[in-house]
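As the structure is a computational prediction, the values presented were derived from the model and not from experiment. By convention here, the first residue in the shown sequence is residue 1. In listed order, ligands and their atoms are each counted from 1.
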Amino acid sequence: MLPSQAILPPIPANARYLEFSANPDHDPRPALKTLASMADDGLVVGLGAGLVAGLGGEVAGLHGFVAQSGPGCNVPSSQADILCWIKGEDRGDIAARGRHIATLLAPAFRIERLSDGFRHREGRDLSGYEDGTENPEGEAALDATFVRSGPLMGSSFVTVQKWLHDLNHFESLPQEQRDNIIGRRLSDNVELEDAPDFAHVKRTAQESFSPEAFMLRRSMPWSDAGGEGLIFTSFAHSLTPFEAQMARMSGAEDGIIDGLFRFSRPITGAHYWCPPLAGRGLDLTAIGL
Ligand code: HEM
């Protein structure tokens with residue numbers, strides 16, 4: 001079983017995140033088999049814990065997104081059953097592919113949420129800061145992203161969390177305060193040595209966790225009538241790295257809330273299991289298909 005090749009490349013120019021919920025009284029199996037056969041470089045498929053359990057599958061470590069409330073911050077859950085992350089250059093092609101997938105999945109599944117993401121410059125958040133600098137690379141990226149042995153070999157776990165920014169507020173802050181929130185200097189992306197404890201990169205320093213909490217981030221900005229922000233997207237060999245980081249960001253460890261909450265907040269949150277590849281398509285043996 002091979003890792004899904006769609007996960008590793010840098011973010012594309014455009015993408016659509018389609019999340020589906022299962023409709024009761026419909027057998028999801030035929031639709032899932034068709035979806036599995038379609039996975040390619042431009043499509044990442046993730047399956048939620050409820051769907052997997054309903055099919056009698058066993059994916060160790062998979063569970064639904066757990067909402068959290070820290071002092072002064074809220075982290076909601078919006079768990080659904082299927083994620084399709086459709087990537088490409090051309091928005092029209094992406095929209096057409098999304099429509100095709102939704103048609104194939106109906107009536108067993110209905111669209112729960114649709115979000116479009118895009119690349120900003122060379123990969124920046126809309127706050128202007130470079131996002132992804134400390135992503136692991138090469139063999140370290142494979143280790144961080146994929147299960148490397150056992151029955152789930154080649155699988156990954158993805159977390160999608162849409163954040164809503166208040167950029168008017170952020171941009172009203174002096175540059176030094178903005179840099180302190182992120183923990184890096186906007187001008188040259190250098191990490192601040194004397195960053196405050198709430199600085200985002202201090203909260204999430206991957207090697208500071210025990211065990212270390214490395215992940216592959218592939219987040220994309222979004223902007224529409226509902227506002228603007230970042231669709232945080234991370235892949236890892238388990239859900240533990242995300243959960244450890246989110247717990248620290250929300251102040252659960254020491255009461256210090258990540259500086260990001262000063263101008264942004266999560267409005268969705270969901271975890272999915274990304275099956276490995278087998279031949280042409282996804283290997284769904286873990287869920288009995
Ligand atoms: C509003 C949402 C977010 C924004 C704008 C944001 C932005 C950034 C930026 C600008 C950096 C520094 C450059 C880099 O290494 O990529 C960074 C680093 C990082 N972020 Fe975020 N981030 C967000 C949410 C999250 C969340 C929810 C997590 C995990 C739960 C997370 C985990 C990380 C990690 C692991 C690093 C690298 C830390 C290190 O080892 O140096 N981020 N983020």
Side-chain angles (χ1 to χ4, degrees), residues 10-11 65-68 70 73-78 115 117 119-137 140-141 144-145 157-167 169-171 173 175 178-193 195 197-223 227-253 257-271:
I11 56 165
F65 192 98
V66 181
Q68 298 172 41
C73 74
N74 239 343
V75 181
S77 168
S78 60
S115 299
R119 187 174 59 222
H120 173 41
R121 301 198 188 153
E122 72 278 42
R124 289 177 187 248
D125 174 58
L126 294 177
S127 60
Y129 288 82
E130 263 184 47
D131 191 17
T133 313
E134 290 295 335
N135 264 331
E137 286 175 8
T145 308
F157 293 82
V158 61
T159 300
V160 177
Q161 191 181 40
K162 192 170 180 179
W163 287 67
L164 174 66
H165 292 354
D166 181 348
L167 289 175
H169 172 60
F170 189 68
E171 287 170 7
L173 301 173
Q175 188 56 50
R178 295 189 227 172
D179 289 352
N180 278 339
I181 284 175
I182 301 295
R184 283 182 179 266
R185 256 197 324 256
L186 177 71
S187 55
D188 57 7
N189 197 27
V190 169
E191 201 168 333
L192 304 177
E193 273 179 26
D197 286 340
F198 62 74
H200 178 53
V201 302
K202 267 185 105 169
R203 296 270 96 194
T204 54
Q206 295 161 101
E207 63 292 336
S208 70
F209 292 82
S210 181
E212 292 183 337
F214 282 94
M215 52 166 59
L216 187 78
R217 286 168 295 130
R218 290 289 183 255
S219 308
M220 301 183 79
W222 67 277
S223 174
E228 56 194 345
L230 187 74
I231 308 173
F232 174 84
T233 310
S234 68
F235 294 88
H237 56 66
S238 81
L239 297 175
T240 309
F242 174 86
E243 291 189 320
Q245 292 185 356
M246 199 66 243
R248 196 187 277 170
M249 285 174 67
S250 62
E253 275 184 20
I257 297 173
D258 194 300
L260 287 179
F261 284 92
R262 295 174 185 214
F263 79 98
S264 191
R265 62 189 170 92
I267 53 174
T268 73
H271 296 311

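- At a heavy-atom distance under 4.0 Å, only side-chain atoms of L230, from C-beta outward, approach ligand 1.
- Shortest non-hydrogen contact noted between A213 and Q245 is O-NE2, 2.9 Å.
- Protein heavy atom at the shortest distance from atom 32 (C) of ligand 1 is Q245 OE1, 3.4 Å.
- The nearest heavy-atom contact from the protein to atom 14 (C) of ligand 1 is T133 N, 3.2 Å.
- In D125, the part holding a heavy atom less than 4.0 Å from any atom of ligand 1 is the side chain.
- What sits closest to atom 39 (C) of ligand 1 on the protein, heavy atoms only, is Q206 NE2, 3.6 Å.
- When heavy-atom distances to ligand 1 are checked against a 4.0 Å cut-off, I182 comes that close only through its side chain, counted from C-beta outward.
- Between D131 and S219, the closest heavy-atom pair is OD2-CB, 3.6 Å.
- In this structure, D179 does not pair ionically with R184, as no charged nitrogen and carboxylate oxygen lie closer than 4.0 Å.
- Listed by atom number, the atoms of ligand 1 under 4.0 Å from S264 heavy atoms are 1 (C).
- Against a heavy-atom cut-off of under 4.0 Å, Y129 is close to the following atoms of ligand 1: 10 (C).
- Between the side chains of H165 and D125, at least one donor N or O lies within less than 3.5 Å of an accepting N or O.
- Near Q161, meaning under 4.0 Å from any of its heavy atoms, are these atoms of ligand 1: 27 (C).
- Here the heavy atom of the protein found nearest to atom 23 (C) of ligand 1 is L260 CD1, 3.4 Å.
- Within the 4.0 Å heavy-atom shell around ligand 1 one does not find E191.
- Side-chain N/O atoms of N189 and T133 include a donor and acceptor closer than 3.5 Å.
- Within the listing of ligand 1, atoms 30 (C) sit less than 4.0 angstrom from a heavy atom of F242.
- Listed by number with element, the atoms of ligand 1 under 4.0 angstrom from any heavy atom of D131 are 7 (C), 8 (C), 9 (C), 16 (O), 43 (N).
- Of the protein's non-hydrogen atoms, E130 O, 3.3 Å is the one closest to atom 10 (C) of ligand 1.
- Taking the N/O/S atoms of H200 in turn, the shortest distance to atom 21 (Fe) of ligand 1 belongs to NE2.
- Of the protein's non-hydrogen atoms, the one nearest atom 19 (C) of ligand 1 is R217 NH1, 3.1 Å.
- Not close to ligand 1: R124, with no non-hydrogen atom less than 4.0 angstrom away.
- Within the 4.0 Å heavy-atom shell around ligand 1 one finds A205.
- For V160 against I231, the heavy-atom pair with the smallest separation is CG1-CG2, 3.7 Å.
- Here W163 and F261 bring their ring centres to under 6.0 angstrom of each other.
- Taking the ring centre of F209 as origin, the terminal cationic atom of R248 falls inside the region bounded by 6.0 Å and 45° from the ring axis.
- Summarising the local packing, CZ of R124 is surrounded by more than 12 heavy atoms from other residues, nucleotides or ligands at distances under 6.0 Å.
- Among protein heavy atoms, the minimum distance from atom 16 (O) of ligand 1 is reached at G132 N, 2.5 Å.
- Residue M215 comes nearest to S234 through the heavy atom pair SD-CB, 3.7 Å, listed as atom of the first residue, atom of the second, then distance.
- Geometrically, R178 does not engage F263 in a cation-pi contact defined by less than 6.0 Å to the ring centre and at most 45° from the axis.
- Within the 4.5 Å cutoff, the side chain of D197 has heavy atoms near those of the K202 side chain.
- Using a distance-only test at 3.5 Å, with no hydrogens or angles considered, no donor-acceptor pair links the side chain of S223 to the main chain of E228.
- For ligand 1, the atoms sitting less than 4.0 Å from at least one non-hydrogen atom of H165 are 1 (C), numbered in the order shown with element in parentheses.
- Scanning the protein heavy atoms around atom 15 (O) of ligand 1, the nearest turns out to be E134 N, 2.9 Å.
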